[in-house]
Amino acid sequence: MKRFGEHVDSPLTRSFYLRPAPRVARELLGKILALDGASGRIVETEAYLGEDDGAAHSARGITPRTRVIFGPPGHAYVYFIYGMYDCLNIVCEPEGIAGCVLIRALEPLTGIDRMRERRAAAKHDHDLANGPGKLTRALGIKITHNGVDVTTGPITIHAPDRAKKFEIATSTRIGITKSADLPLRFFIKDNPCVSRR
DNA sequence: AGTTCGATCGCCT
DNA sequence: GGCGATCGAACTG
């Protein structure tokens with residue numbers, strides 16, 4: 001751990017997120033998402049654009065709910081859906097411009113026992129966080145985390161100590177009806193923790 | 001004030 | 001592969 005001092009374990013900085021969502025979504029693959037000792041490797045993401053994207057919550061402008069998507073980059077946009085699930089997005093683009101990345105799946109790394117407690121329904125470890133609602137439950141992320149700064153914590157994203165090599169696959173996004181043809185889903189090829197192929 | 005529908009999950013077949 | 005659960009956000013009138 002920390003072979004190069006604080007450098008390796010420091011969270012990604014704001015400039016990482018100050019770019020178009022598709023670019024950030026692609027580059028978040030292989031990074032580590034952590035909260036309170038539980039962590040996982042990001043294996044699946046989706047980009048949501050600010051304009052020309054009917055599927056994005058921000059498509060109809062600023063509302064109390066979508067406010068943080070228009071805020072500064074590097075913050076968490078957490079929303080509650082279907083009466084039961086919380087989903088985690090990371091805000092991209094400069095302040096005033098909408099854009100975010102939905103984190104869809106993790107490969108569990110640390111704090112796995114705690115994840116099993118929170119996700120008793122999971123039969124295997126690769127089911128603990130293989131979906132957007134599952135990963136938030138596994139890590140204990142809730143709507144109360146909406147707006148928090150992921151460059152400082154308590155939710156953090158950082159580069160792995162040793163980056164594994166992987167191949168990136170692309171597809172259309174899952175479960176949407178508007179702008180459904182855009183190739184804005186990114187995932188690590190052949191990884192068992194990806195929500196679906 | 002009422003209605004519609006959704007960036008999902010887990011169980012059932 | 002299909003479907004019910006379950007409720008908040010946003011739109012309509």
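Reminder, nothing fancy here: chain letters follow the sequence lines and each chain counts from 1.
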| field | A:Ser171: side chain to side chain contact (heavy atoms under 4.5 Å, CB included) partners, not counting sequence neighbours | value | A:Arg185, A:Phe187
| remark: Within residues 57-76 of chain A, the residues having a heavy atom closer than 4.0 Å to DNA chain C are A:Arg60, A:Thr63, A:Arg65
| field | Fellow cluster residues of A:Leu182, listed by chain then number, with links counted only when side-chain atoms sit under 4.5 Å apart | value | A:Leu49, A:Leu184
| query | Paired stems touching DNA chain B, three or more consecutive Watson-Crick or G-U pairs with both distances under 3.5 Å? | reply | B:1-6 with C:7-12, B:8-12 with C:1-5
| For A:Thr177, all residues meeting side-chain hydrogen bond (donor to acceptor under 3.5 Å, both in side chains), sequence neighbours excluded | none
| request: Please list all pairs passing the salt bridge (Lys or Arg N to Asp or Glu O under 4.0 Å) test where one or both residues lie in residues 106-116 of chain A, with sequence neighbours left out. | output: A:Arg41-A:Glu107, A:Glu107-A:Lys164, A:Asp113-A:Arg116, A:Arg114-A:Glu117, A:Arg116-A:Asp125
| Partners passing side-chain hydrogen bond (donor to acceptor under 3.5 Å, both in side chains) against A:His57 (at least two apart in sequence or in another chain) | A:Tyr77
| said: By the salt bridge (Lys or Arg N to Asp or Glu O under 4.0 Å) test, which pairs, at least two apart or in different chains, include something from residues 57-86 of chain A? | reply: none
Polar atoms only, N or O, under 3.5 Å: list the protein pairs with nucleotides 1-5 of chain B and their distances.
none

| If you take atom types as modelled and just measure distance, does the side chain of A:Tyr79 reach the base of C:dA9 with a donor-acceptor pair under 3.5 Å? | no
| message | Are B:dA7 and A:Tyr48 stacked, with the base six-membered ring and the side-chain ring centres under 5.5 Å apart and planes under 30°? | response | yes
| remark: One should read off an interatomic distance between A:Cys193 SG and A:His126 NE2, to the nearest 0.5 angstrom, of 7.0 Å
| Just by modelled atom types, is the A:Asp127 backbone N or O under 3.5 Å from a matching donor or acceptor in the A:Arg119 side chain? | yes
| A:Lys142 NZ to C:dG8 P: how many Å, rounded? | 16 Å
Could you pull out the protein-nucleic contacts involving nucleotides 9-13 of chain B (nitrogen or oxygen on both sides, under 3.5 Å)?
residue : atom : partner  : partner atom : Å
B:dC9   : OP1  : A:Pro132 : N            : 3.2
B:dC9   : OP1  : A:Gly133 : N            : 2.8
B:dC9   : OP1  : A:Lys134 : N            : 3.3
B:dC9   : O4'  : A:Tyr85  : OH           : 2.7
B:dG10  : OP1  : A:Arg119 : NH1          : 2.4
B:dG10  : OP2  : A:Lys134 : NZ           : 3.2

| task | Determine, for A:Glu46 against A:Arg173, whether the closest basic-nitrogen to carboxylate-oxygen distance falls under 4.0 angstrom. | result | no
| message | My understanding is that only residues two or more places apart in sequence, or in another chain, count here; which of them pass side chain to side chain contact (heavy atoms under 4.5 Å, CB included) with A:Pro72? | response | A:His75, A:Glu95
| Residues two or more places apart in sequence or in another chain: which of them pass side-chain hydrogen bond (donor to acceptor under 3.5 Å, both in side chains) with A:Asp149? | A:Arg14, A:Thr151
